[in-house]
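One structure below.
We number each residue from 1, following the sequence as shown. Counting starts at 1 for both ligands and their atoms, in listed order.
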Amino acid sequence: GNIGREERVRAVIDKARDKNIPIRIGVNAGSLEKELQRKYGEPTPEAMVESAMRHVDILDRLNFQNFKLSLKASDIFMTVAAYRQIASQIEQPLHLGITEAGGLRSGTVKSAVGLGILLMEGIGDTIRISLAADPVEEVKVGWDLLKSLRLRSKGINFVACPSCSRQNFDVINTMNELENRLEDISVPMDVAIIGCVVNGPGEAKIAEMGLT
Ligand code: SF4
């Protein structure tokens, strides 16, 4: 969308084809074409999909299929609806994201809900977590999301108690300490940190390592 007129798109495509580099069509609800803003009155999933398909048509005319596509909004409902619609219309990979999702906590929750819904439906090939936070946190959140959905296995999957009066040791501090110390481990492993024997043995049974 930022490249502009079709002849400028053509120049970019010529170079991409020449170098065999894929490109991404990136539609953002906040920067839809003026004409679509007038037609729909406000950003909608349909407006986002129409914007995307205009760019897909340009690439079709240029006989260039080496692209992926993203349809980002900061609103979960709009993003999910837009991706669901486009997923049935094109075969190219989809790059998922809830854009400008918010701070570390709120943006993580929004991203997990929005991307989680889509990934559970089999929609999406790559992801970006967009947080107003250290970009390193975006990567960590992304991995945790993929691990939670069992789409990737890397590093420690922790099972740990919340605050509870039955705990025989400080589970929360132990959990935080281990999470920091073990964050460089890439071997997939389940670790259970359970505060008492009520659930400890049962939870530890499914883990490679248990602390209770
Ligand atoms: S396993 Fe024990 S300490 Fe942990 S939440 Fe359950 S009752 Fe509380």
Side-chain angles (χ1 to χ4, degrees), residues 29 45 70-87 93-212:
S70 64
L71 290 171
K72 295 186 182 178
S74 59
D75 178 80
I76 292 173
F77 293 92
M78 197 180 318
T79 307
V80 169
Y83 276 108
R84 279 176 174 158
Q85 287 178 30
I86 202 83
L94 295 177
H95 174 69
L96 305 184
I98 305 295
T99 197
E100 295 125 16
L104 181 55
R105 187 185 64 213
S106 57
T108 295
V109 172
K110 266 193 229 171
S111 299
V113 172
L115 271 53
I117 291 170
L118 291 165
L119 290 168
M120 287 288 279
E121 293 177 10
I123 296 172
D125 301 275
T126 56
I127 62 169
R128 162 79 194 270
I129 308 294
S130 303
L131 303 176
D134 184 343
V136 171
E137 298 299 330
E138 297 185 347
V139 177
K140 290 181 183 174
V141 169
W143 271 107
D144 280 343
L145 175 55
L146 295 175
K147 281 159 60 180
S148 299
L149 294 171
R150 297 193 185 150
L151 292 170
R152 290 286 184 280
S153 56
K154 180 188 174 201
I156 311 291
N157 172 44
F158 284 104
V159 177
C161 299
S163 62
C164 171
S165 60
R166 286 187 172 161
Q167 287 172 2
N168 295 322
F169 66 99
D170 187 343
V171 171
I172 293 175
N173 274 332
T174 306
M175 167 71 220
N176 290 334
E177 185 66 31
L178 284 176
E179 195 168 43
N180 286 334
R181 285 199 197 183
L182 304 180
E183 73 175 358
D184 291 332
I185 290 183
S186 58
V187 178
M189 194 186 303
D190 291 327
V191 174
I193 306 163
I194 304 295
C196 80
V197 292
V198 174
N199 289 329
E203 290 288 356
K205 213 185 283 177
I206 56 108
E208 271 90 3
M209 199 174 290
L211 189 61
T212 192

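The tally of protein N/O/S atoms under 2.8 Å from atom 4 (Fe) of ligand 1 stands at 1.
With Leu96 as reference, Leu119 is the one residue of Thr79, Thr126, Leu119, Leu71 to meet the side chain to side chain contact (heavy atoms under 4.5 Å, CB included) rule.
The minimum heavy-atom distance between Leu149 and Gly116, with the atom names listed, is CD1-CA, 4.1 Å.
Every pair passing salt bridge (charged side-chain N to carboxylate O under 4.0 Å, His left out) that includes a residue from residues 146-166 is listed here, sequence neighbours excluded: Asp144-Lys147. Within the structure, salt bridge (charged side-chain N to carboxylate O under 4.0 Å, His left out) contacts touching residues 106-130 (residues at least two apart or in different chains) are Arg84-Glu121, Arg128-Glu138.
Residues passing the salt bridge (Lys or Arg N to Asp or Glu O under 4.0 Å) test with Glu183, sequence neighbours excluded: Lys140.
Note that CE of Met209 is 10.5 Å distant from CD1 of Ile193, once rounded to the nearest 0.5 Å.
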